[in-house]
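As the structure is a computational prediction, the values presented were derived from the model and not from experiment. For the numbers below, each heavy atom of this structure counts, side chains included, while hydrogens, waters and symmetry mates do not.
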Amino acid sequence: MKFGGSSLASAERMREVASLILSFPEERPIIVLSAMGKTTNLLLLVLFLSFFSFRSMTADDLGVERSVIGKHLEELEQLLKGISMMKELTPRTQDYLVSFGECMSTRIFAAYLNKLGVKARQYDAFEIGFITTDDFTNADILEATYPAVSKRLHDDWVSDPAIPIVTGFLGKARKSCAVTTLGRGGSDLTATTIGKALGLPEIQVCIKNIVVHIKVWKDVDGVLTSDPNICPQAEPVPFLTFDEAAELAYFGAQVLHPLSMRPARESDIPVRVKNSYNPKAPGTLISRERDMSKAVLTSIVLKRNVTMLDIVSTRMLGQYGFLAKVFSTFEDLGISVDVVATSEVSISLTLDPSKLWSRELIQQELDFVVEELEKIAKVKLLQNRSIISLIGNVQRSSLILEKVNISLVVNDSEAEQCVRALHSAFFETEFSEFEKEYISGNGSVAALS
Ligand SMILES: Nc1ncnc2c1ncn2[C@@H]1O[C@H](COP(=O)(O)OP(=O)(O)O)[C@@H](O)[C@H]1O
Ligand SMILES: N[C@@H](CC(=O)OP(=O)(O)O)C(=O)O
């Protein structure tokens, strides 16, 4: 069970989360926690004065000794002094800095459960086998993680049973051994990684009749048809496939970490997204397959602040070399490409902003891309664009577009209005039988727009 910042904003919320966990006495949960509320943002903004008092107050409110986070508060103070003296925050130091959020929330929560008489044990993910690449701020979990984590959790459980309370979001870099983070919202990935680790055959043999499932608790009734901050009418989507959920997350839905579906899909362990403020709501069940016969559009998502490039060949290369050269330029620079529309001699594409944001020299980098591409093409750089993606089952609407989703690129300033218009057309309008048939069966996608 994973509880994110949205479920853990205060001492009161922590109490409710504890009673929610205890309301499943038949389950043997492993708990993954994010930092409380907006702690990660606060740490990044270095609003540490309010942060210190807030977190200590939470411990006080829960009747937990402040000493459970005393060492961390001292270390954090030292770290912040160091950063302000050096006037430099490297991605590695940034990861170390934000790791305090999860390290403290889990300690406070484990101490609270113990105080209630429920035996719990706190774990820092970087100490129990979460091995990652050294890509600070956006690290990838490595395969070695799965057996290491399952062994550690299993062995501890056998020798001294206690509910594990694990820090989400964090890992340990394979080369430098420093603390890493898995990208914003990465605790979802921690939860599905533990799910896969516990689904390994060795664990299944050790613990007979184990049925692993993953619950991700949020502050909304599941994955919704759109971002509720943009479309207040957004409704929960009851079922999704791993692929749909991954697309949805990748194309901007904040509700799930973009890579979090990978371990779940690899181990075929379903994920249920539930509302910790409304546990009775069924939420969204994400699994390998679902009934697609009625599904057309599942969700509309928005990814803002995207950079787009229009690249038209000057035919200096033969037609066959053009696309290869364009893509190798991005590969050399380590920039991912999101959405692509292409012909033999021209290509329009959007760049993945997360890759650009995680590094410095953004403008220089873009200038360099353009300079490289101008050797073979005319290039137009368009900034402040948004990608609106229509995620769903277009399988039945066009043979050509089978299994792809539809993305539109619009100006940032018009994006929310476009999402609202699309949401209203697709989810808030009663279609006639004829229109339903046209959308889901015979019409082309172009006709839809
Ligand atoms: N399609 C969507 N479905 C559900 N929630 C969404 C969607 N798009 C954006 N959100 C936002 O995601 C939030 C939940 O994600 P997040 O804040 O990361 O939760 P947590 O902190 O629990 O991990 C919701 O409060 C909602 O505002
Ligand atoms: N605290 C981290 C990791 C995380 O997963 O948070 P949340 O579960 O609240 O999205 C962040 O804010 O990015």
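- Taking CE of M104 as the reference point, atom NZ of K71 lies at 10.5 Å (rounded to 0.5 Å).
- Minimum interatomic distance between L33 and S105 (heavy atoms only, all atoms of both residues): CD1-O, 4.0 Å.
- There is no side-chain donor-acceptor pair under 3.5 Å between T241 and D243.
- Judged by distance alone, the side chains of T132 and T180 do bring a donor and an acceptor atom under 3.5 Å apart.
- Nearest heavy-atom pair across I165 and A120 is CG1-CB, 4.0 Å.
- For Y277, the OH atom is densely surrounded, since the number of other residues' heavy atoms within 6.0 Å is greater than 12.
- A salt bridge between K119 and D160 is present, with a side-chain N of the basic residue lying under 4.0 Å from a carboxylate O of the acidic one.
- Evaluation of the salt bridge (Lys or Arg N to Asp or Glu O under 4.0 Å) test over residues 405-414, restricted to residues two or more places apart or in two chains, returns none.
- Listed here is the closest heavy atom pair of T58 and M36: CG2-CE, 3.3 Å.
- Remark: of the listed residues T167, N114, T106, T106 is the sole one forming a side-chain hydrogen bond (donor to acceptor under 3.5 Å, both in side chains) with Q122.
- One finds the NZ atom of K151 at 13.0 Å from the CD1 atom of I128 (value rounded to the nearest 0.5 Å).
- No donor-acceptor pair under 3.5 Å is formed between the side chain of S386 and the backbone N or O of A415.
- Counted within 6.0 Å of CD on E266, heavy atoms from surrounding residues, nucleotides or ligands total more than 12; the atom is thus considered enclosed.
- Among all heavy-atom pairs drawn from V301 and F251, the shortest one is CG2-O, 3.3 Å.
- For F242, there are no ring-ring contact (aromatic ring centres under 6.0 Å, His included) partners, not counting sequence neighbours.
- When atom types are taken as modelled, the side chain of R152 and the backbone of A148 share no donor-acceptor pair closer than 3.5 angstrom.
- Listed by chain and number, the residues in a ring-ring contact (aromatic ring centres under 6.0 Å, His included) with F3 are W217 (sequence neighbours excluded).
- Side-chain atoms of S389 never come within 3.5 Å of backbone atoms of I391 as a donor-acceptor pair (strictly under, hydrogens ignored).
- The salt bridge (Lys or Arg N to Asp or Glu O under 4.0 Å) contacts involving residues 14-34 comprise E12-R15, R13-E16, E27-K215, where partners must be two or more places apart or lie in separate chains.
- A salt bridge links K303 to D338: at least one charged side-chain nitrogen sits closer than 4.0 Å to a carboxylate oxygen.
- Here K175 does not pair with D134 in a salt bridge; the nearest charged N to carboxylate O distance is not below 4.0 Å.
- Looking at T190, its side chain does come within 3.5 Å of a backbone N or O of F169 through a donor-acceptor pair.
- A pairwise comparison of heavy atoms in G186 and H257 identifies CA-CD2, 3.4 Å as the closest pair.
- Looking only at distances, no side-chain donor or acceptor of T93 sits under 3.5 Å from a matching main-chain atom of L89.
- Paired with D95 under the rule side-chain hydrogen bond (donor to acceptor under 3.5 Å, both in side chains), one option of T181, T137, T90 passes, and it is T181.
- Taking 4.0 Å as the cut-off between side-chain N and carboxylate O, R304 and E416 count as a salt-bridged pair.
- Side-chain atoms of T192 come within 3.5 Å of backbone atoms of L189 as a donor-acceptor pair (strictly under, hydrogens ignored).
- Not a single side chain to side chain donor-acceptor pair (under 3.5 Å) links K172 to another residue, sequence neighbours left out.
- Heavy-atom neighbours of E65 CD from other residues, nucleotides or ligands within 6.0 Å: at or below the threshold of 12.
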Show me the donor-acceptor pairs, under 3.5 Å and distance only, between side chains in residues 218-225 and residues at least two apart or in other chains.
residue, atom, partner, partner atom, Å
K218, NZ, D188, OD1, 3.2
K218, NZ, D188, OD2, 3.2
K218, NZ, V255, O, 2.7
D221, OD1, N275, ND2, 2.8
D221, OD1, N278, ND2, 3.2
D221, OD2, N278, ND2, 3.4
T225, OG1, E235, N, 2.9
T225, OG1, H423, NE2, 2.7

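- Counting only distance, with no hydrogens or angles, the side chain of S187 and the backbone of G4 share no donor-acceptor pair below 3.5 Å.
- Using a 4.0 Å cut-off between charged side-chain N and carboxylate O, R290 and E244 make a salt bridge.
- With T145 contributing its side chain and I141 its backbone, the two residues share no donor-acceptor pair below 3.5 Å.
- What you find for I230 and P232 is that their closest heavy atoms are O-CD, 3.4 Å.
- Taken to the nearest 0.5 Å, the OG atom of S413 stands 8.5 Å off from the CZ atom of R385.
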